[in-house]
Amino acid sequence: MSIINYSATQRLLTLARGHPYDREAFHTLFDGLDEFDVCHAEHPVAQRFLGPQAAQDFDAIVCYDMPGVDFTAADAPRLLSPDPAFTESYLAMLEAGIGMVFMHHSIAAWPAWPEYAEIVGGRFHYRPAQLRGQSWPDSGYRHQVTHTVSKVSSHPVTVGIPAHFEITDEVYLCPIFEDDVIPLLRSDYQFEPDNFYSATKAVAGEMNSRGGWTHPKGSNLVGWVKRCGNSPIVYLQGGDDAQAMANQHFKRLIYNAVKWVSSTEARDWAKSGGGR
């Protein structure tokens, strides 16, 4: 890809909440993006920003949010369907070409909205579900995994990142649509069910439990690029806690991702079909 030229001042919107997170660490993650004016918003107010107007108000959006799952319900996790007007507005925003960066648990958002998994490139399940006509068990998680991440593609998102780097972070065992994305990063961790714990059991109060639970072997893909509508999209599985977000290479990945999705080159790429 060609060298990207960025405007002097751009506008970035970050969305959070729906899942516990370290607010200070998350906000600090963007301190190095001096060429961006950054606006932080949390749900439920954050949903008001998501529509075609966002493509005029912002150059990029970072999603570190997880709407659509109610952990306070008696039958938690209760899956909530978005309002049809919201989904229509969201898809119109993508047709308008807004750059999107999805982080970590955002892959678990809106599980009752099938299109959302197609937008991001996969889905983390908090309870057994259907996805693309296939039955899936609840997904797996593992906290504080020290693993090595390797670059598998030369791309503006991975510029300045070493061929391999170590990070301590949470990893997920969940369906990923490998055939529909451009792989950027892979982990050397073994994505086998014996190395993960059940998300459903965690919600029920049984942390770090896998008794009676199993899951198909998963992908070791932890970062990718894709398009949806006219929007360039990046997903990075990292960023669970302050330690992970302080990793210099992860911070660089976030900076690169935000700069790339907000660029004219990335939007032209998406509009042209998003070829590899």
Side-chain angles (χ1 to χ4, degrees), residues 11-21 23 26 38-133 136 139 174-177 180-181 199 203 226-236 239 257-258 261-262 266-267 270-271 274:
R11 297 157 296 175
L12 172 66
L13 171 67
T14 77
L15 307 180
R17 213 156 183 189
H19 187 288
Y21 77 104
R23 183 179 288 105
F26 178 65
V38 183
C39 174
H40 298 293
E42 292 186 339
H43 286 282
V45 174
Q47 293 186 39
R48 301 177 186 175
F49 290 96
L50 298 175
Q53 182 62 38
Q56 299 180 39
D57 294 338
F58 300 98
D59 296 286
I61 298 176
V62 173
C63 295
Y64 191 57
D65 56 344
M66 204 175 73
V69 185
D70 184 359
F71 294 106
T72 66
D75 57 345
R78 180 179 295 174
L79 310 186
L80 308 176
S81 296
D83 186 277
F86 171 79
T87 61
E88 181 180 356
S89 185
Y90 198 109
L91 294 174
M93 176 182 70
L94 298 178
E95 287 299 321
I98 186 73
M100 304 288 292
V101 178
F102 294 91
M103 280 179 59
H104 197 54
H105 50 250
S106 62
I107 199 171
W110 295 121
W113 179 22
E115 184 71 25
Y116 184 81
E118 304 296 332
I119 294 168
V120 178
R123 184 197 291 160
F124 183 97
H125 295 117
Y126 272 96
R127 59 175 17 173
Q130 291 284 318
L131 181 63
R132 288 186 165 183
W136 287 89
S139 295
C174 65
I176 293 171
F177 306 150
D180 298 335
V181 304
V203 175
K226 66 185 299 291
R227 62 174 283 270
C228 187
N230 292 311
S231 290
I233 289 170
V234 175
Y235 175 76
L236 299 172
V258 168
V261 300
S262 62
R267 292 178 180 178
K271 290 177 182 178

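If you read the sequence from its start, that first residue is 1, and numbering goes on from there.
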Original post:
Which pair of heavy atoms, one from Phe177 and one from Ala117, lies closest together, and at what distance?
Top reply: CE1-O, 3.5 Å
Subject >> Donor-acceptor contact present, side-chain Arg78 to main-chain Asp70, <3.5 Å >> reply: no
Original post:
Just by modelled atom types, is the Asp57 backbone N or O under 3.5 Å from a matching donor or acceptor in the Arg11 side chain?
Top reply: yes
Original post:
Would you say the side chain of Arg17 lies within less than 4.5 Å of the side chain of Asp65, judging by non-hydrogen atoms?
Top reply: no
Original post:
Under the criterion side-chain contact (heavy atoms from CB on, under 4.5 Å), which of Val101, Ile176, Ile107 is the partner of Tyr235?
Top reply: Ile107
Original post:
Can you list every side chain to side chain donor-acceptor pair (under 3.5 Å) pair that touches residues 93-117, not counting sequence neighbours?
Top reply: His104-Glu170, His104-Tyr172, His104-Asp240
Original post:
Would you find a donor on one side and an acceptor on the other, under 3.5 Å apart, between the side chain of Tyr126 and the backbone of Pro111?
Top reply: no
Original post:
Which pair of non-hydrogen atoms, one from Phe71 and one from Gly18, has the smallest distance, and what is that distance?
Top reply: CE1-O, 3.8 Å
**OP:** Please report the shortest heavy-atom distance between Ala112 and Leu79, naming the atom on each side.
**Re:** CB-CB, 4.3 Å
**OP:** Without swapping roles, check the side chain of Asp83 against the backbone of Ala85 for a donor-acceptor pair under 3.5 Å.
**Re:** yes
Subject >> Nearest atoms (heavy-atom pairs only) where Phe49 meets Ala41 >> reply: CE1-CB, 3.8 Å
**OP:** Let me see the working for Arg132 and Asp180 under salt bridge (Lys or Arg N to Asp or Glu O under 4.0 Å), right down to the final yes or no.
**Re:** CA-CA 13 Å; Arg132 288 186 165 183; Asp180 298 335; 2.5 Å; yes
Subject >> Separation between CG of Asp59 and CG of Leu13, rounded to the nearest 0.5 Å >> reply: 11.0 Å
Original post:
For Gly229, does its backbone N or O pair with a side-chain atom of Arg227 as donor and acceptor, under 3.5 Å?
Top reply: yes
**OP:** First locate atom CG of Leu15, then atom OH of Tyr64, and finally report the distance between them rounded to the nearest 0.5 Å.
**Re:** 13.5 Å
**OP:** Using atom types as modelled and distance alone, determine if a side-chain donor or acceptor of Lys226 lies under 3.5 Å from a backbone N or O of Val120.
**Re:** no
